[in-house]
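Since this is a predicted model, take the numbers as computed values, not measurements. First the proteins, then the strands, lettered A, B, ... as listed; each starts at 1.
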Number of protein chains: 4
Amino acid sequence: MTALAASGLFKDGAHHYPVRVFYEDTDAAGIVYYANYLKFAERARTEMIRLFGLEQRELMEQAGLAFAVRKCTADYLRPARLDDHLVVVSRLTAIGGASMAVEQSVTRDGVPLVELSLKLACMTTEGRPARIPPDLRDKLTFHLSETM
Amino acid sequence: MTALAASGLFKDGAHHYPVRVFYEDTDAAGIVYYANYLKFAERARTEMIRLFGLEQRELMEQAGLAFAVRKCTADYLRPARLDDHLVVVSRLTAIGGASMAVEQSVTRDGVPLVELSLKLACMTTEGRPARIPPDLRDKLTFHLSETM
Amino acid sequence: MTALAASGLFKDGAHHYPVRVFYEDTDAAGIVYYANYLKFAERARTEMIRLFGLEQRELMEQAGLAFAVRKCTADYLRPARLDDHLVVVSRLTAIGGASMAVEQSVTRDGVPLVELSLKLACMTTEGRPARIPPDLRDKLTFHLSETM
Amino acid sequence: MTALAASGLFKDGAHHYPVRVFYEDTDAAGIVYYANYLKFAERARTEMIRLFGLEQRELMEQAGLAFAVRKCTADYLRPARLDDHLVVVSRLTAIGGASMAVEQSVTRDGVPLVELSLKLACMTTEGRPARIPPDLRDKLTFHLSETM
């Protein structure tokens with residue numbers, strides 16, 4: 001785990017991103033609060049996309065675009081706990097003209113705890129749907145094959 | 001909206017719970033961060049169940065039980081923004097021996113922004129599945145008809 | 001408590017704002033996570049200022065201004081727990097040309113749990129210090145006397 | 001920065017811990033939400049203490065003890081923004097029989113953005129003050145000199 005870089009790395013066709021569980025992530029039931037896995041997943045997607053060469057702040061400031069989650073399904077199989085060392089495994093599974101699909105698994109010691117399936121849409125900062133810029137789409141498509 | 005009590009109220013067979021959007025809920029894209037709708041939904045479920053006569057802390061301390069989310073699907077239709085006054089509409093749609101299903105809609109002026117569908121399981125505080133205690137199950141079943 | 005409106009109310013020269021503790025606010029130690037009291041305090045300040053007639057989103061969109069916290073001191077006296085019904089008591093204690101001071105106490109049954117002292121500065125959305133617009137300053141000064 | 005291990009490292013008598021700013025950390029003003037710096041600081045303290053050989057979950061489960069923040073002062077000098085790469089610099093500055101003091105600075109490119117000063121108290125999980133166990137106190141005292 002300590003070998004995982006801060007931005008994660010690609011291995012076996014998927015992006016692997018390390019997450020440590022801190023007090024902020026847990027709740028009074030002693031486990032990670034259910035909404036917080038979506039934060040872990042978003043961090044992993046951001047770092048995966050950063051490794052593709054895309055900074056989201058640049059995308060927002062230069063192109064006025066952001067990726068917004070349109071649909072998210074989460075299956076909670078086993079709880080994570082304080083101090084756990086997790087790895088978020090992410091795969092880009094489809095790219096459309098204005099959207100993309102990502103499959104993610106929050107794992108501990110290789111065992112899946114939460115499985116997520118997401119559809120993201122490219123949006124203007126005013127909230128209107130927008131086409132993914134061609135050069136970005138090319139980058140994503142290149143990596144699509146890599147993560148399958 | 002100001003007429004809505006802090007715990008929400010039942011109307012048209014559903015629980016209505018008010019949520020104000022604060023800075024903490026938003027992100028740099030100017031909209032509510034996608035994981036935070038799950039917080040709004042959990043607040044609404046908690047208050048709905050509280051109106052059924054159940055305090056979750058009592059359930060945890062006295063019976064060693066808690067309801068954990070097993071599956072959550074969220075459809076993001078329109079974004080909410082800072083200062084928005086939202087209403088979370090919740091319906092209990094099924095009760096099993098150890099689980100229940102809830103449908104929720106985060107709305108603004110009656111328009112759905114995010115639709116959620118959840119399955120919750122009764123768990124011991126050690127994380128093992130448990131049957132819902134009979135008196136609690138009776139209460140939930142009573143309200144099931146009320147919210148349909 | 002149930003008598004407290006969603007925006008709180010002024011009583012004895014201070015703004016009183018109700019907060020319910022949900023799972024999202026707690027951590028694995030069974031108490032409210034220390035950073036989350038700052039969220040409660042910010043909600044209360046927002047509602048106090050809203051009762052003064054100021055919507056922060058309008059301030060941001062129309063005048064390009066926001067209030068940013070410059071200094072915050074928090075004394076943690078007693079922990080809050082799941083399901084607790086808290087009241088945040090807020091007093092505006094000073095108004096300057098570009099800043100204001102607020103004293104806040106997160107209480108349960110009239111007993112202070114966390115005491116906060118804050119200095120807020122008026123800023124442009126680009127992050128530069130700015131003078132508080134005169135009409136807004138008049139409103140705040142009017143309420144300053146009210147809350148002392 | 002990429003050289004910083006996930007747990008941070010000691011350098012020049014202080015613990016250095018890397019934090020990337022994600023969407024979850026920001027708000028609609030385009031900057032990191034003020035309460036979230038306390039999360040960054042707590043992550044850094046946890047990792048510093050972990051490097052001292054202490055796992056907080058073990059402390060809680062085996063000794064029934066946790067460190068709770070009793071006082072926190074935060075000076076907000078400059079805002080952090082989306083995608084920023086921050087380093088939290090932490091120094092243990094005092095150890096008492098039942099408490100310790102920590103000074104922390106959230107920095108970007110060596111420039112301090114937020115300065116924090118904290119007092120933490122050793123508590124039982126029931127919330128009563130407790131003395132720091134002697135072996136733990138020895139470890140902390142050993143590192144106190146290291147970080148000064």
Side-chain angles (χ1 to χ4, degrees), chain C residues 24-43 45-46 55-61 63-81 84 99 102 106 113-130, chain D residues 24-43 45-46 55-61 63-81 84 99 102 106 113-130:
Chain C
E24 68 184 270
D25 305 311
T26 60
D27 67 21
I31 59 179
V32 169
Y33 183 68
Y34 87 123
N36 292 340
Y37 294 99
L38 274 66
K39 294 186 177 182
F40 299 167
E42 196 262 344
R43 293 180 205 170
R45 290 195 307 275
T46 297
E55 292 283 325
Q56 297 197 72
R57 184 165 144 200
E58 275 179 37
L59 185 69
M60 187 163 59
E61 292 179 352
L65 296 176
F67 281 99
V69 175
R70 295 307 290 275
K71 180 161 183 151
C72 173
T73 302
D75 278 285
Y76 298 87
L77 308 175
R78 293 166 193 82
R81 293 177 185 278
D84 275 355
S99 68
V102 183
V106 181
L113 306 184
V114 180
E115 306 267 13
L116 297 116
S117 180
L118 296 107
K119 188 181 169 193
L120 296 108
C122 190
M123 310 285 282
T124 67
T125 47
E126 288 80 38
R128 286 192 307 273
Chain D
E24 67 183 274
D25 305 312
T26 60
D27 67 22
I31 59 179
V32 170
Y33 183 69
Y34 86 123
N36 292 340
Y37 294 99
L38 274 65
K39 295 186 177 181
F40 299 167
E42 195 262 343
R43 292 181 205 169
R45 291 195 305 276
T46 297
E55 292 282 326
Q56 296 198 72
R57 184 165 144 199
E58 274 180 37
L59 185 68
M60 189 164 58
E61 291 179 352
L65 296 175
F67 280 99
V69 175
R70 294 307 291 273
K71 182 161 183 150
C72 173
T73 302
D75 279 285
Y76 298 88
L77 308 174
R78 293 166 192 81
R81 294 177 185 277
D84 275 355
S99 68
V102 183
V106 181
L113 306 185
V114 180
E115 305 267 14
L116 297 116
S117 180
L118 295 107
K119 187 179 170 194
L120 295 108
C122 189
M123 310 285 282
T124 67
T125 46
E126 288 79 38
R128 286 193 305 274

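Rounding to the nearest 0.5 Å gives a distance of 8.0 Å between OH of C:Y76 and CG of D:L118.
With a 4.5 angstrom heavy-atom cutoff, D:E42 touches chain C via backbone and side-chain atoms both. When heavy atoms are compared at a cutoff of 4.5 Å, D:L77 approaches chain C solely by way of its backbone atoms N, CA, C and O. Only the side chain of D:Y33 comes within less than 4.5 Å of a heavy atom in chain C; its backbone stays farther off.
Each of C:R78, C:M60, C:K71 has some count of heavy-atom pairs under 4.5 Å with chain D, and the biggest count is that of C:K71.
Nearest heavy atoms, C:Y34 versus D:V69: CD1-CG2, 3.6 Å. Closest approach of D:K39 and C:K39 over heavy atoms only: NZ-NZ, 4.3 Å.
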